[in-house]
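Hydrogens, waters and symmetry mates are skipped; everything else that's a heavy atom, side chains included, is used. Below, chains carry the letters A, B, ... as their sequence lines are ordered, and counting in each starts from 1.
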Amino acid sequence: MFDVRRQGSPRIESGAGYTSRGGWMPELPEVEIMCRNLARWSLGRPLCQVDVVDSAVDSGGVEEWARKARGRTVGRVWRRGKYAVVELADAEHSLVLHFRMTGKLVAADPERRSSVRIILRLAPEAGRPDCLVFDDARRLGNAWALATAELQDWFETSRKLGPEPWPVHRPAAFWASQLGSIRSPIKVALMRQDRVAGLGNIAASEILWRAGVSPTRQACSLSLEQWDRLAAAVPAFITDTIEREGGDEIAYVNSRGASSHGNPSPFSVYRCDGQPCPRCRAPIERFKQSGRSTFWCAACQEG
DNA sequence: GATACTGTTGGCCA
DNA sequence: CTGGCCAACAGTAT
Ligand SMILES: [Zn+2]
């Protein structure tokens, strides 16, 4: 009945993660793309210098890590929830980044950017950028330097992150198990990082629209069929978003602040209030849940 | 000029 | 335990 793929004529082309006003939200798919880009740019290369331009970004150990990182080689780069991890192949500590709302990791000349917080300077190499910048307009992002061996425990215990929703396949039983005892609305439950890590406000509305589930339903009231549709909608949203946004678009094009003014929205429902539902043409509605905007189609998301 | 709003996390409070 | 509100911050809309 409900196809988790987008239906109707697409509103897009610029990709999810971008608000209708051109702002950029680093949720799970965007952090995944940034990690892939960072790995592509820096894996196996020595760092010749790390500049902590804004010391307020340092939530623990980063300035010391930056001094010791000189000459060390970039190792694995990976994502956990909305966090990015940059390992060093020949040092015990990793750099951990959280982008909050406006943080991004880009290949750019730091002199030409206005909200630089950390600069990773790599030993020059033909074909790969020498300068990677943690750029963060609202300066709410965080960085830590932590022992690589203890990271999994840090994410679980200190950050209280639940399991990953992706890329491992999560069946209906997983969602029922993680969220099925929560009395909050399913939309609020989806954003609980301690139950499932990585889904944010945009993803929650988009996923529920794909699943055909009302955001107002109590999480503990969903039927098995609804958990099934949710289980299908989550990886569909994530992979669609990564595909749409992959490559260098995030890193190079939109990082320059390209305006989306006049462009169609990348979303099915997020910030599409008043526009016709891509599936049934009923107007998309907007309301607040726990202080956050929710967007949905009351006609085809069952309550 | 002032105020509201934006999304994420953590902290505080009832 | 729950759920709600606010701070942190900066830019944009009203
Ligand atoms: Zn609809």
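A:Ser115 comes within contact range of no nucleotide atom at all, as no heavy-atom separation falls under 4.0 Å.
Residue A:Val168 shares its hydrophobic cluster (ILVMFWY side chains chained together at separations under 4.5 Å) with no other residue. Through side-chain heavy atoms spaced under 4.5 Å, either directly or across other Ile, Leu, Val, Met, Phe, Trp or Tyr residues, A:Phe287 is tied to A:Trp296.
Remark: side-chain polar atoms of A:Gln301 are paired, donor with acceptor, to backbone N or O of A:Cys297 under 3.5 angstrom. Within the 3.5 Å criterion, the main-chain N or O of A:Ala203 finds a donor-acceptor partner in the side chain of A:Glu27.
Contacts of A:Trp144 classified as ring pair (Phe, Tyr, Trp, His ring centres under 6.0 Å), with partners at least two apart in sequence or in another chain: A:Tyr83, A:Trp154. Every residue meeting the side-chain contact (heavy atoms from CB on, under 4.5 Å) condition with A:Cys220, not counting sequence neighbours, appears here in chain and number order: A:Arg183, A:Gln218. By the side-chain hydrogen bond (donor to acceptor under 3.5 Å, both in side chains) test, A:Arg286 is found to be paired with A:Ser293, residues two or more places apart in sequence or in another chain being considered. Residues that satisfy the side-chain contact (heavy atoms from CB on, under 4.5 Å) test with A:Arg70, not counting sequence neighbours, are A:Gln49.
Remark: the separation of the P atoms in C:dC6 and B:dT3 is 16 Å, to the nearest Å. As rounded to the nearest Å, B:dA4 and C:dC5 have P atoms that lie 15 Å from one another.
Ionic pairing of A:Arg45 and A:Asp130 is present here: one or more N-O contacts between side-chain nitrogen and carboxylate oxygen are shorter than 4.0 angstrom. Taking the charged nitrogens against the carboxylate oxygens, A:Glu32 and A:Arg36 do have a contact shorter than 4.0 Å, which makes a salt bridge.
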Table of protein N/O atoms under 3.5 Å from nucleotides 10-14 of chain B N/O atoms:
unit_1	atom_1	unit_2	atom_2	d
B:dG10	OP1	A:Arg159	NH1	2.8

Can you check nucleotides 1-4 of chain C for protein contacts, nitrogen or oxygen pairs under 3.5 Å, and list what you find?
unit_1	atom_1	unit_2	atom_2	d
C:dG3	OP1	A:Ser184	N	3.2
C:dG3	OP1	A:Ser184	OG	2.0
C:dG4	OP2	A:Ser290	OG	3.2

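Taking atom CG of residue A:Asp194 and atom P of nucleotide B:dT8, one finds them 15 Å apart after rounding to whole Å. Look at CD on A:Gln289: it is 14 Å from P on B:dT8, rounded to the nearest Å. Between A:Asp136 atom CG and B:dT9 atom P there is a gap of 13 Å when expressed in whole angstrom units. Atom CE of A:Met25 and atom C1' of C:dA10 are 12 Å apart (whole Å). Put simply, CZ on A:Arg138 is 13 Å from P on C:dA8, counting in whole angstrom units. Taking atom CD1 of residue A:Ile202 and atom C1' of nucleotide B:dT8, one finds them 11 Å apart after rounding to whole Å. Note: CG (A:Leu97) to P (B:dT9) measures 14 Å, nearest angstrom. Rounded to an integer number of Å, the gap from A:Lys288 NZ to B:dT6 P is 3 Å.
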### Message
Could you spell out the base pairing of DNA chain C as a dot-bracket line? Use Watson-Crick and G-U wobble contacts where both distances are under 3.5 Å, [ ] for crossing pairs, | for partners on a different strand.
### Response
.|||||||.|||||
### side-chain contact (heavy atoms from CB on, under 4.5 Å) assessment of A:Ile118 paired with A:Val53
CA-CA 5 Å; A:Ile118 299 175; A:Val53 178; over 6 Å; no
### Message
Would A:Arg79 and A:Glu164 count as a salt bridge (charged side-chain N to carboxylate O under 4.0 Å, His left out) here? Give the steps.
### Response
CA-CA 10 Å; A:Arg79 178 194 60 77; A:Glu164 291 288 321; 2.7 Å; yes
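For residues 140-148 of chain A, proximity to DNA chain B is found at A:Leu140, defined as any non-hydrogen atom under 4.0 angstrom from a strand atom.
The heavy-atom pair separating A:Leu28 from A:Ala197 by the smallest distance is CD1-O, 3.9 Å.
Phosphate proximity of B:dT9 to A:His98: present, with a side-chain N or O under 4.0 Å from OP1 or OP2. One finds no side-chain N or O of A:Arg292 lying less than 4.0 angstrom from the OP1 or OP2 phosphate oxygen of B:dT6.
Which of B:dT8, C:dC9, B:dT6 sits closest to the side chain of A:Tyr270 comes down to B:dT6.
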Kindly list each side-chain donor-acceptor pair under 3.5 angstrom involving residues 171-179 of chain A, sequence neighbours excluded, with atom names and distances?
unit_1	atom_1	unit_2	atom_2	d
A:Trp175	NE1	A:Arg170	O	3.4
A:Gln178	NE2	A:Arg195	O	2.8

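In the interface, the side chain of A:Arg139 is not paired with the base of C:dC9 through any donor and acceptor atom under 3.5 Å apart.
The ring-ring contact (aromatic ring centres under 6.0 Å, His included) analysis of residues 112-143 of chain A, with sequence neighbours excluded, yields the pairs A:Phe99-A:Phe134.
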